[in-house]
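Treat the numbers as computed from the prediction; the structure is a model and nothing was measured. Atoms within a ligand are numbered from 1 in the order they appear, just like the ligands themselves.
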Amino acid sequence: MQTEIAESRPPAAFRSHDPRLEPIAAKVFAGQRLDFNEGLTLYGSSDVLAVGWLANHVRERLHGDVTYFNVNRHINPTNVCVAACKLCAFGRKKGDPLGYTMALEEAWQTAASGYSEAVTEFHIVGGLHPDLPLEYFLDLVSGLKQRFPRVHIKAFTMVEVAYLARRAKLSIEETLIRLREAGVDSMPGGGAEIFSARVRSIICDHKIDGEEWLETARLAHKLGFKSNATMLYGHIENDEDRVDHLLKLRAVQDETGGFQTFIPLAFHPENTPLDHLPVTTGLTDLRQIAVSRLLLDNFPHIKAYWQMLTPKIAQIALRFGADDLDGTVIEEKIYHDAGATTPQGMTRKELCRLITEAGRVPVERDTLYHAVTRTEDSFTVAV
Ligand code: V47
């Protein structure tokens with residue numbers, strides 16, 4: 001899936017005060033795959049702008065100025081969770097007064113609130129509830145499909161799928177098939193965190209391990225689902241853990257081609273047991289976007305999730321390798337419980353302004369990256 005490139009020498013515009021970037025630049029211009037040590041060099045280089053320049057080169061080779069966004073709505077049906085991940089400020093134990101679980105009718109009403117004909121995607125994730133059976137989630141999804149037949153349902157992380165399968169005593173494949181029959185169209189990228197067993201055992205030891213996350217994604221892709229992938233960074237991981245994570249995703253993508261978008265997620269420590277850790281800085285976030293673009297040569301898209309990065313950093317990320325800003329979101333809970341101060345949603349107009357002022361061309365997409373064309377009161381999707 002790597003791109004075919006004719007050039008083999010860095011264009012004259014590439015300049016860096018870090019000589020270690022020169023052989024990497026030559027490989028990037030020749031369309032060659034970067035290896036583990038080169039990944040470490042990109043993380044360790046003092047020349048973040050040159051790393052960003054290279055990532056921008058790849059981004060423009062793939063997408064020109066086109067920058068994607070969508071009109072979506074997040075739905076989090078429950079925050080009750082059997083896991084007690086140190087990274088998380090969202091989950092609550094059963095019986096906690098701050099725990100909530102939506103009745104189905106309530107979840108459908110949530111989907112409808114703030115809904116307009118413009119919404120093309122519901123993004124649904126939640127806690128690992130100890131009592132809700134698979135049928136609750138099947139009914140939730142099929143009820144949404146009945147009420148909003150044109151809306152794409154991107155639902156349940158690999159962690160949730162594996163948990164639902166275990167509780168229902170079904171295989172992962174059988175669970176995925178049941179979810180698809182109910183109306184799930186694709187899967188979001190959450191729950192991947194960082195695959196390193198050492199780090200995972202500290203920040204999310206109740207979750208499936210990295211190999212299981214990757215295997216669940218593999219099975220989903222083999223059944224024809226598209227999905228995204230994430231990486232949580234900026235906590236206790238090191239550069240080796242980050243490169244390892246990215247190369248493991250790249251290897252699965254070589255096998256399946258099922259990942260659409262990679263979304264690096266900066267850790268927000270507030271209200272988590274890790275609240276003594278500092279928040280990531282702007283340059284760390286931008287470097288992470290850039291290294292992701294450079295190492296994940298077989299991922300079509302890199303998303304700068306504005307809710308997490310802030311709109312200002314997400315806009316700059318469009319010049320550091322990102323080609324997607326995510327969407328209108330409408331109501332975000334996971335980051336806001338962890339102290340995010342960004343707005344909970346953004347309008348199409350605001351997203352387009354961020355993109356245009358970055359010198360890029362906004363293209364509204366559906367979840368599968370088909371362009372959406374709108375007239376005053378309807379939209380069509382170019383398939
Ligand atoms: O899985 C949880 C992360 C993820 C915190 O697929 C935290 O299009 C930072 O996956 N600080 C959920 N991160 C969000 C997610 C996502 C977001 C946008 C788009 C897509 C997509 C997926 O958020 C979780 C976890 O990795 N998370 N708590 C925290 N305190």
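Checked against the 6.0 Å centroid threshold, His57 and Phe29 count as a close aromatic pair.
Listed by atom number, the atoms of ligand 1 under 4.0 Å from Gly191 heavy atoms are 1 (O). The ligand atoms of ligand 1 that sit less than 4.0 angstrom from a heavy atom of Glu193 are 1 (O), 25 (C), 26 (O). In summary, the atoms of ligand 1 found under 4.0 Å from a heavy atom of Lys154, numbered by their order in the structure, are 6 (O), 8 (O), 21 (C). Taking every heavy atom of Asn228 and a limit of under 4.0 angstrom, the matching atoms of ligand 1 come to 6 (O), 8 (O), 21 (C). Of all the atoms in ligand 1, the ones that sit under 4.0 Å from a non-hydrogen atom of Gly190 are 1 (O), 10 (O). Counting the atoms of ligand 1 from 1 in the order shown, those under 4.0 Å from a heavy atom of Ile263 are 6 (O), 8 (O), 20 (C), 21 (C). Shown in contact with Ala338 at under 4.0 Å from a heavy atom are these atoms of ligand 1, numbered in order with element: 30 (N).
Nearest to atom 13 (N) of ligand 1 among the protein's heavy atoms is Tyr335 OH, 2.9 Å. In terms of protein heavy-atom proximity, atom 15 (C) of ligand 1 is nearest to Leu265 CD1, 3.9 Å. If you check which protein heavy atom lies closest to atom 12 (C) of ligand 1, you get Ile334 CD1, 3.9 Å. Of the protein's non-hydrogen atoms, the one nearest atom 29 (C) of ligand 1 is Leu87 O, 3.4 Å. When only non-hydrogen protein atoms are considered, atom 20 (C) of ligand 1 lies nearest to His123 CE1, 3.4 Å. For atom 11 (N) of ligand 1, the nearest non-hydrogen atom of the protein is His268 N, 2.9 Å. Considering only non-hydrogen protein atoms, atom 6 (O) of ligand 1 sits nearest to Gly189 N, 2.8 Å.
Judged by a 6.0 Å distance limit and a 45° cone about the ring axis, Arg365 is positioned over the six-membered ring of Tyr369. Taking the ring axis of Phe69 as reference, the NZ or CZ atom of Arg348 does not stay both within 45° of it and closer than 6.0 Å to the ring centre.
Checking only distances, Tyr305 never comes within under 3.5 Å of ligand 1, N or O to N or O. The N/O atoms of Pro188, backbone and side chain alike, include none that comes under 3.5 Å of an N/O atom in ligand 1. For the pair Thr230 and ligand 1, the shortest N or O to N or O distance does not fall below 3.5 Å. Between Lys303 and ligand 1, at least one pair of N/O atoms sits closer than 3.5 Å.
Ring-plane geometry between Trp213 and Phe259 is classed as parallel, the angle between the planes falling under 30 degrees on a 0 to 90 degree scale with a further cut at 60. Using cut-offs of 30° and 60° on the angle between ring planes, the pair His63 and Tyr68 is perpendicular.
The nearest non-hydrogen atom to atom 7 (C) of ligand 1, considering only Leu232, Val125, Thr261, comes from Leu232.
Using a 4.0 Å cutoff on heavy atoms, Ala266 counts as a contact of ligand 1. Taking a 4.0 Å cut-off on heavy atoms, Thr157 fails to register as neighbouring ligand 1. Residue Gln307 places every heavy atom at 4.0 Å or more from ligand 1. Not a single heavy atom of Phe90 lies less than 4.0 angstrom from ligand 1. Residue contact check for ligand 1: Met187 places no non-hydrogen atom closer than 4.0 Å to it. Not a single heavy atom of Met308 sits under 4.0 Å from any atom of ligand 1.
A salt bridge links Arg218 with Glu255; the closest basic N to acidic carboxylate O contact falls under 4.0 Å. We find that Asp185 and Lys145 are joined by a salt bridge, their nearest charged nitrogen and carboxylate oxygen being less than 4.0 Å apart. By the 4.0 Å N-to-carboxylate-O rule, Arg200 lies too far from Glu193 to be salt-bridged with it. A salt bridge links Lys94 and Asp131; the closest N-O separation between the charged side-chain nitrogens and carboxylate oxygens is under 4.0 Å. A salt bridge does not link Glu237 to Arg198: none of the charged side-chain nitrogens sits closer than 4.0 Å to a carboxylate oxygen. Using a 4.0 Å cut-off between a side-chain N of Lys or Arg and a carboxylate O of Asp or Glu, Arg178 and Glu181 do not qualify as a salt bridge. Ion pair Arg250/Asp254 not flagged as a salt bridge, since none of the NZ, NE, NH1 or NH2 atoms sits closer than 4.0 Å to an Asp/Glu carboxylate oxygen. A salt bridge links Asp297 with Arg33: the closest approach of a Lys/Arg side-chain nitrogen to an acidic carboxylate oxygen falls below 4.0 angstrom.
Within the 3.5 Å criterion, the main-chain N or O of Ala217 finds no donor-acceptor partner in the side chain of Lys222.
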| request: Any chance you could lay out the side chain to side chain contact (heavy atoms under 4.5 Å, CB included) test for Thr175 and Leu179, step after step, and finish with the verdict? | output: CA-CA 6 Å; Thr175 307; Leu179 289 169; 4.3 Å; yes
